[in-house]
Amino acid sequence: MKNSVDILSNDLITTLSIKVTEEINKKDVLKFIKTTIINKHLTVENSLSFYYTYIKEILSYEIIVVDTNQIDFTIEPFLFLEDERNELEKSIVFMTKEYFVYYKNRELIFLKKIKNEKPLNIKAFVEHTFKITLNNIYEVDDNELNKLRELNNQKKSNPKVFKKLQENNGFRTFIYIFILTTTLFLYLLFNDIKKDNNTNICMKNSYKLEKQYHNLTKASYKNDLKPTKYIKELFKYLKIDKIKVEKIQYANKKIKINISHKSKEVLMNFLTKYNKKIKINYISSDLPNSRYNMEFSVAI
């Protein structure tokens, strides 16, 4: 019967670095980490397990993902917990041919795969990133690694530092179905709400403008100004060019109108088509909504 804890191949290790603006609430962090892994791997696998740390110095979550179906396992970078130098120094970096690992207070903080990197470069990187001063970078050769492996083989178990991404096939199926149905539901709900809101807004705006239009018409007859044909012509060209009327005012024998469109040229062409004595009060751009606004006055 096998008692030792298996050490996974470094080829099964993937590291992820996720930048954030602040530390995520503890109750939500696992959900965030799992979602990140799923998005990066574009799949939900039972074989994936993960370990993570939050690094406040760089506002980042560092995640180690391993692909294995084994229950009792460890990875080579965790073997340095048994290195006596790790007990003597608060901050320490071990470097192998394949990676370097940064420990703080005997906790694995940062792991990065490397290829032909110089110890001085790694030392400079760690000191700059984590705002610390290192006494040294400990280069570990194969003989030292083998000794650490032997120590590990004497163990019957290791602390469970890795968490499973998913527990079983049933849960994975549930996740797929949940994501699919939730996405579909939200999509349909959003479209319905958007459609209803747009309809309501359009109806309210249309009613309001129509009321203003009729008020102008009534005012024209009441004051014997007879601007009705001008107003009708005005709305005709606005409708043809699909220009939105934002506001209409009538006073002192003048109509003041606010209009908008996504194209400035359309607004200017409208003025040419309307072919009446128009005074442009202002033209402005609404960058967030990608539209141009114009206010003009027409004497009637």
Side-chain angles (χ1 to χ4, degrees), residues 5 8 10 12-78 80-81 86 90-93 99-113 125-126 128-132 157-194 196-197 288:
V5 177
L8 301 182
N10 292 330
L12 299 176
I13 300 172
T14 302
T15 58
L16 303 173
S17 181
I18 311 300
K19 298 292 183 182
V20 293
T21 56
E22 61 182 8
E23 187 172 7
I24 295 169
N25 192 297
K26 287 184 178 180
K27 68 177 183 179
D28 299 318
V29 67
L30 283 181
K31 187 187 300 181
F32 166 76
I33 298 295
K34 289 183 178 183
T35 303
T36 298
I37 295 171
I38 291 170
N39 288 340
K40 293 290 182 181
H41 282 260
L42 301 177
T43 185
V44 183
E45 295 294 340
N46 286 347
S47 59
L48 297 181
S49 297
F50 66 93
Y51 168 88
Y52 75 93
T53 55
Y54 173 68
I55 305 176
K56 65 180 180 180
E57 291 86 351
I58 56 176
L59 294 174
S60 174
Y61 280 90
E62 300 299 319
I63 309 170
I64 301 173
V65 183
V66 293
D67 191 353
T68 180
N69 286 313
Q70 292 177 239
I71 298 174
D72 201 7
F73 67 87
T74 189
I75 59 175
E76 194 175 272
F78 274 109
F80 295 104
L81 278 170
N86 207 341
K90 180 180 178 180
S91 297
I92 189 168
V93 174
Y99 61 85
F100 75 86
V101 59
Y102 166 51
Y103 275 86
K104 182 178 180 181
N105 296 326
R106 301 191 76 239
E107 179 185 3
L108 193 157
I109 301 297
F110 187 83
L111 170 66
K112 186 173 180 63
K113 292 187 177 183
F125 170 81
V126 173
H128 175 74
T129 302
F130 300 102
K131 307 295 186 294
I132 59 172
S157 64
N158 263 350
K160 298 292 189 288
V161 296
F162 283 91
K163 300 180 184 294
K164 291 291 288 182
L165 183 64
Q166 308 297 351
E167 297 300 330
N168 51 53
N169 286 327
F171 187 74
R172 178 174 63 177
T173 303
F174 167 77
I175 287 292
Y176 277 128
I177 294 172
F178 177 77
I179 292 173
L180 180 63
T181 54
T182 302
T183 303
L184 181 61
F185 172 75
L186 291 175
Y187 172 78
L188 294 174
L189 180 63
F190 175 76
N191 278 349
D192 283 344
I193 292 173
K194 186 177 180 182
D196 289 343
N197 286 342

Is there side-chain contact between Tyr51 and Leu108, with at least one heavy-atom pair below 4.5 Å? yes
Going by heavy atoms in the side chains, are Val101 and Val93 under 4.5 Å from each other? no
As a quick check of understanding, evaluate side chain to side chain contact (heavy atoms under 4.5 Å, CB included) for Lys19 and Leu59, giving each step before the final call. CA-CA 6 Å; Lys19 298 292 183 182; Leu59 294 174; 5.9 Å; no
Verdict with reasoning, Lys113 to Ile13, per side chain to side chain contact (heavy atoms under 4.5 Å, CB included): CA-CA 9 Å; Lys113 292 187 177 183; Ile13 300 172; 4.2 Å; yes
What are the two closest heavy atoms between Asn86 and Arg106, and how far apart are they? O-CG, 3.4 Å
Heavy-atom check, side chain of Thr53 versus side chain of Ile63, under 4.5 Å: no
Give, for atom CD1 of Ile24 and atom CD1 of Ile33, the distance between the pair rounded to the nearest 0.5 Å. 6.5 Å
Do you know which two heavy atoms are closest between Lys164 and Phe50, and how far apart they sit? O-CE2, 3.9 Å
Determine whether Tyr52 and Ile18 make a side-chain contact, defined as any pair of heavy atoms from C-beta on separated by less than 4.5 Å. no
Rounded to the nearest 0.5 Å, how far does CG of Asn25 lie from CD of Glu23? 9.0 Å
Side chains of Phe73 and Val66: does their closest heavy-atom pair fall under 4.5 Å? yes
Whether the Ser47 and Asp67 side chains hold a donor-acceptor pair (N or O, under 3.5 Å, no angle test) is what I'd like checked. yes
Of all residues at least two apart in sequence or in a different chain, which pass the side chain to side chain donor-acceptor pair (under 3.5 Å) check with Ser17? Ser60, Glu62
Residue pair Val126 / Ser91, side-chain heavy-atom distance below 4.5 Å: no
Ring centroid separation Tyr102 to Phe130 under 6.0 Å: yes
Taking the ring of Phe110 and the ring of Tyr103, is the distance between their centroids below 6.0 Å? no
Would a 4.5 Å heavy-atom cut-off, applied to side chains only, mark Phe32 and Val20 as touching? yes
Under 4.5 Å between any side-chain heavy atoms of Tyr61 and Leu16, yes or no? no
Check the surroundings of atom NZ in Lys27: do more than 12 heavy atoms from other residues, nucleotides or ligands lie under 6.0 Å from it? no
Do the rings of Tyr99 and Phe80 sit parallel, tilted or perpendicular, given the 30° and 60° boundaries? perpendicular
What is the distance from atom CD1 of Ile55 to atom NZ of Lys104, rounded to the nearest 0.5 Å? 10.0 Å
Quick one: pull up CD in Glu76 and CG in Leu8 and give me the separation to the nearest 0.5 Å. 10.5 Å
Distance col, row Leu111:CG vs Thr15:OG1, nearest 0.5 angstrom, shows 6.0 Å
Out of curiosity, Lys56 NZ to Glu22 CD, how far, rounded to the nearest 0.5 Å? 14.5 Å
